[in-house]
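Before any comments, here is the structure.
Numbered from 1 within each chain, the chains take letters A, B, ... in sequence-line order.
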2 protein chains.
Amino acid sequence: MAIPRAAKTQRRTRIQEEKEEVILEAALDVFSVHGFRGSTIDQIAEVAGMSKPNLLYYFRTKEAMHRALIDRVLFTWLEPLRAFDANGNPESEIRSYIRRKLEMARDFPRESRLFANEMLQGAPHVEDELRGPLKSLVDEKAEVIRAWAKAGKIAKCDPYHLIFSIWSTTQHYADFDVQVRAVLGQEHSGEGRFEDAARYLEQLFVDGLRMRHT
Amino acid sequence: MAIPRAAKTQRRTRIQEEKEEVILEAALDVFSVHGFRGSTIDQIAEVAGMSKPNLLYYFRTKEAMHRALIDRVLFTWLEPLRAFDANGNPESEIRSYIRRKLEMARDFPRESRLFANEMLQGAPHVEDELRGPLKSLVDEKAEVIRAWAKAGKIAKCDPYHLIFSIWSTTQHYADFDVQVRAVLGQEHSGEGRFEDAARYLEQLFVDGLRMRHT
DNA sequence: TGTAATGTTTACCAATCGGTCAAATTATCC
DNA sequence: GGATAATTTGACCGATTGGTAAACATTACA
């Protein structure tokens, strides 16, 4: 008797690990572009190079697949913010946070689009994570920023909206990639656009937060 | 003989105008949340309060409906950028551009999400508009900003990435509304968040562009 | 008021959707 | 090598998809 997803042995087979990896990779391809409802199991199966029933052997439903994908990606996605160090130098912390977020937009655009799709749909699958872990993490880091401002290390500003603006500006280069490339034109659409963006954003945020001694 | 969409008289009936309006309104509701592929004609018909064949009498295909919607919304959406005045005061022009974009995010979030969905999918339906009219408009305004910088009216910065960052930060409050509200928590999720955002963003961009006389 | 054009509905279609099932195949372990 | 468990497949299911055909109802206009 075949029991899907190792319900019996509790231990995952080599084949299971490999196939689940392949499937989630394919699912990321599809979900990130078409969102949950716009994606089909057939399409994911085709990208994964296996038959639909075979895919459904590993993930019993489309939702289970999406769920597993979100879970896996969510942790990685928040890594840069988690690395934000309260004891570091404010300017360099913010600078490196921007750089890391921008690198992720460049290197993991599908992950960014997966979340963007989820947000556009009203986060029906992750709203709990937003209100729970995400909010806690942001609250914590916002407090750090607020403390820096209080100590006169950076200019006063709303730390939540600061974080929002760093998120939005950096992820924009992943989520709106087509638009960015179309507007920049063919000559400026090389990978150099990420360095231009990094230069610009670091200037924007760091200069804006520098204390004005006037 | 019934010929859809007044192919014969070339003039639109009162009923046609009304129904097409109702349909596009419903289509905006649905497309903006689920994207093109994730939306169904049945769903739009239900929201529009009419039968599917009746809806298909006005728009022969799902694509035609989407096309009409995009066309109608695109023009309005670029209005703030078009209003960007080369002869105005740089600081107040940028300030009011931010304010207008933020007002649109607040008042027309569905329109914002419609485009966001389209971008995430690689703009399969509007890529021409991006490379054509949009790029032209941005090129024009970028030149204005560049001229201001050259004249010493504002600090030097990449005008394209400046525009991108204004787009992304403002539209974030429409597209990622769920996340924003979840992170801000119930107490700060009232409509006041737009005013907080406006204050923050005006400070961020205007201070960042102010010339430093040090 | 009659009539032609416009608008609406019911019934339907083939294709695709998410998902199941049982049989066949392959891997694992003694 | 054989038993057993894990994996894969093709055939299939009911529901939903985008869209059509034709009958029916309503409107506009002479």
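If you take NZ of B/K62 and P of D/dG18, they are 5 Å apart, rounded to a whole angstrom. For the pair B/M65 CE and D/dG18 P, the interatomic distance rounds to 9 Å; values are reported in whole Å. Rounded to an integer number of Å, the gap from A/N54 CG to C/dG18 P is 17 Å. We find that CG of A/L56 is positioned 13 Å from P of C/dC17, with the value rounded to whole Å. Between the C1' atom of D/dG19 and the OH atom of B/Y58 lies a distance of 18 Å, rounded to the nearest Å. When the C1' atom of C/dG18 is taken as reference, atom CD1 of A/I23 falls 15 Å away, rounded to whole Å. Nucleotide C/dG7 holds its P atom 13 Å from the CZ atom of B/F59, rounded to whole Å. Regarding A/Y57, its OH atom lies at a distance of 15 Å from the C1' atom of C/dA23, rounded to whole Å.
For B/Q16 and C/dG7, the shortest distance from a side-chain N or O to OP1 or OP2 is below 4.0 Å. A sub-4.0 Å separation between OP1 or OP2 of D/dT8 and a side-chain N or O of A/S51 is absent.
Applying a 4.0 Å cut-off to non-hydrogen atoms, none of the residues of residues 30-44 of chain B approaches DNA chain C.
Ring-plane geometry between B/F164 and B/W167 is classed as tilted, the angle between the planes lying from 30 to 60 degrees on a 0 to 90 degree scale. Using cut-offs of 30° and 60° for the angle between ring planes, the B/Y173 and A/H161 rings count as tilted.
Each of B/L78, B/D128, B/L74 was checked for a side chain to side chain contact (heavy atoms under 4.5 Å, CB included) with B/L134, and the lone residue meeting it is B/L78.
The side-chain tip of A/R100 does not point at the ring of A/F84 from less than 6.0 angstrom away and within 45° of straight on. Judged by the 6.0 Å and 45° rule, A/R82 forms a cation-pi pair with A/F75.
Looking at B/R37, its side chain never comes within 3.5 Å of a backbone N or O of A/G35 through a donor-acceptor pair.
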Under-3.5 Å N/O pairs linking protein and nucleotides 24-30 of chain D:
{"unit_1": "D/dA28", "atom_1": "OP1", "unit_2": "B/R14", "atom_2": "NH2", "d": "2.9"}

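Counting heavy atoms from C-beta outward, B/Y58 and B/V22 have side chains that stay 4.5 Å or more apart. Looking at heavy atoms from C-beta onward, B/E118 lies in side-chain contact with B/H125 at the 4.5 angstrom threshold. Side-chain contact between A/D175 and B/D175 is absent, with no heavy atoms from C-beta onward closer than 4.5 Å.
Looking at heavy-atom distances under 4.0 Å, B/K19 makes contact with sugar-phosphate atoms alone, never a base.
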